[in-house]
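Everything below concerns the one structure shown next.
Count residues from 1 along the sequence. We count ligands from 1, going down the list as the structure has it; atoms in each ligand are counted the same way.
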Amino acid sequence: MDVKTLAEVAPRDRFTRICALTGAGISVAAGLGTFRGPDGLWTMSPKMERAMHVHLLPGNVDALWTVWGGMHDVAVRSGPTPAHKALAAAGATVITQNVDELHQAAGSVDVVEIHGSAGQARCLDEDFCGWTGPAAEAKRTDPPQCPQCGEPARPAVVLFGEMLDPVALGAARQLASECDMFLAVGTSGRVAPASWLAPTARAAGAYCVNVDLYPDGELDPAFHARVVGDAQDVLTEWAR
Ligand code: APR
């Protein structure tokens, strides 16, 4: 069912173990784009979306830095939004598909980045070197190189066709199964395995709510309710 405000269905003091699954929509107010929908990055540039596939490495490493490195630079300049801060203030655990590190910047302490982080980088030579560290260290050279061996480095972001970190995925499943309220914010729910987390939370007895500004189609049956609105307004009003 669609409701006007989060408080209607989930008053702030009713739940004590809140878990938020966030997507690109929560960071739009920080100047970061979404991927799908009318002005989504993949919608406007299918070629760029195709370039995000792991099997194109190392040829697509420049495109990876353009997309993910560019996003991270914007995020660092703008900082967390009121919605990120509202989740931190509510003490929510966070499972994020975003790679912008804005939840950590807002003060959230329990954050699982299931699609990796654009603030981190990895050496392409994972067999012999295996370096991983702050992207800023790789970006000291142009094009970004591994500071340990000089080979090309890539943003530590999960690419299409790439396995997610099993530890992160396990932690995400754990958070979803332990919460009493599961709040999906600013995600189209089109990408697995993130989209499997609401059913996990529902099966564990959580009250599941979706906050989405431009919902595309029917609400996933895992959710009890949906608030159609801007995450910035919905979350700040709720956390007040
Ligand atoms: N408030 C709330 N929701 C919003 C807002 C807003 N201000 N602006 C946009 N949205 C919603 C859109 O309605 C849409 O449902 O955010 C969602 C963004 O969906 P996507 O662009 O598909 O982003 P996301 O769900 O995060 O994508 C998941 O796909 O390509 C991969 O790695 C990429 O992590 C990303 C994953």
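At the top of the distance list for atom 1 (N) of ligand 1, counting protein heavy atoms only, stands A231 N, 2.8 Å. Counting protein heavy atoms only, atom 10 (N) of ligand 1 is closest to G25 CA, 3.6 Å. In terms of protein heavy atoms, atom 22 (O) of ligand 1 is closest to S188 OG, 2.6 Å. Atom 26 (O) of ligand 1 has A24 N, 2.8 Å as its closest protein atom, hydrogens excluded (heavy atom only). Closest to atom 32 (O) of ligand 1 among all protein heavy atoms lies H115 ND1, 3.6 Å.
In summary, R202 and D220 do not engage in a salt bridge, as defined by a charged side-chain N under 4.0 Å from a carboxylate O. The pair D216-R36 does not meet the salt-bridge criterion, since no charged nitrogen lies less than 4.0 angstrom from a carboxylate oxygen. E126 and R122 are joined by a salt bridge, as a carboxylate oxygen and a charged side-chain nitrogen come within less than 4.0 angstrom of each other.
If you check each of T81, T96, L159, D212 against atom 13 (O) of ligand 1, the one with the closest non-hydrogen atom is D212. Taking only non-hydrogen atoms, the option from V157, V228, L213, D230 nearest to atom 3 (N) of ligand 1 is L213. Counting only non-hydrogen atoms, the option in Y214, F35, F160 that gets closest to atom 35 (C) of ligand 1 is F35. In this structure, of R36, E113, M52, the residue bringing a heavy atom nearest to atom 29 (O) of ligand 1 is R36.
Side-chain polar atoms of E113 and Q104 form a donor-acceptor pair below 3.5 angstrom. Side-chain contact of T187 with Q97: a donor-acceptor pair under 3.5 Å is present, judged by distance alone. For T22 and T96, the side-chain atoms include at least one donor-acceptor pair closer than 3.5 Å.
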>> Please evaluate residues R17 and D180 with respect to the criterion side-chain contact (heavy atoms from CB on, under 4.5 Å), reporting the C-alpha separation (whole Å), side-chain torsions for both, the decisive distance (0.1 Å), and the verdict.
In response: CA-CA 5 Å; R17 300 187 316 283; D180 60 0; 3.7 Å; yes
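Atom numbering of ligand 1 starts at 1 in the shown order; those under 4.0 Å from a heavy atom of G229 are 1 (N), 2 (C). The ligand atoms of ligand 1 that sit less than 4.0 angstrom from a heavy atom of G23 are 26 (O). Residue contact check: V191 has heavy atoms under 4.0 Å from atoms 28 (C), 29 (O), 36 (C) of ligand 1. Of all atoms in ligand 1, numbered sequentially from 1 with element shown, those under 4.0 Å from a heavy atom of Q97 are 28 (C), 34 (O). Each of the following atoms of ligand 1 lies closer than 4.0 Å to a heavy atom of W42: 30 (O). Of all the atoms in ligand 1, the ones that sit under 4.0 Å from a non-hydrogen atom of T187 are 15 (O), 16 (O), 17 (C), 24 (P), 25 (O). Near G186, meaning under 4.0 Å from one of its heavy atoms, ligand 1 places the atoms 3 (N), 16 (O), 17 (C), 18 (C).
Within 6.0 Å of the OH atom in Y214, the count of heavy atoms belonging to other residues, nucleotides or ligands does not exceed 12.
Using the six-membered ring where Trp is involved, Y207 and H224 have ring planes that are parallel, under 30° apart on the 30 and 60° scheme.
Heavy atoms from both the backbone and the side chain of T34 come within less than 4.0 Å of ligand 1.
L219 and V3 fall into different hydrophobic clusters, where Ile, Leu, Val, Met, Phe, Trp and Tyr residues are linked whenever their side-chain heavy atoms come under 4.5 Å apart, directly or through other members.
No donor-acceptor pair closer than 3.5 Å links the side chain of T236 to the backbone N or O of A83.
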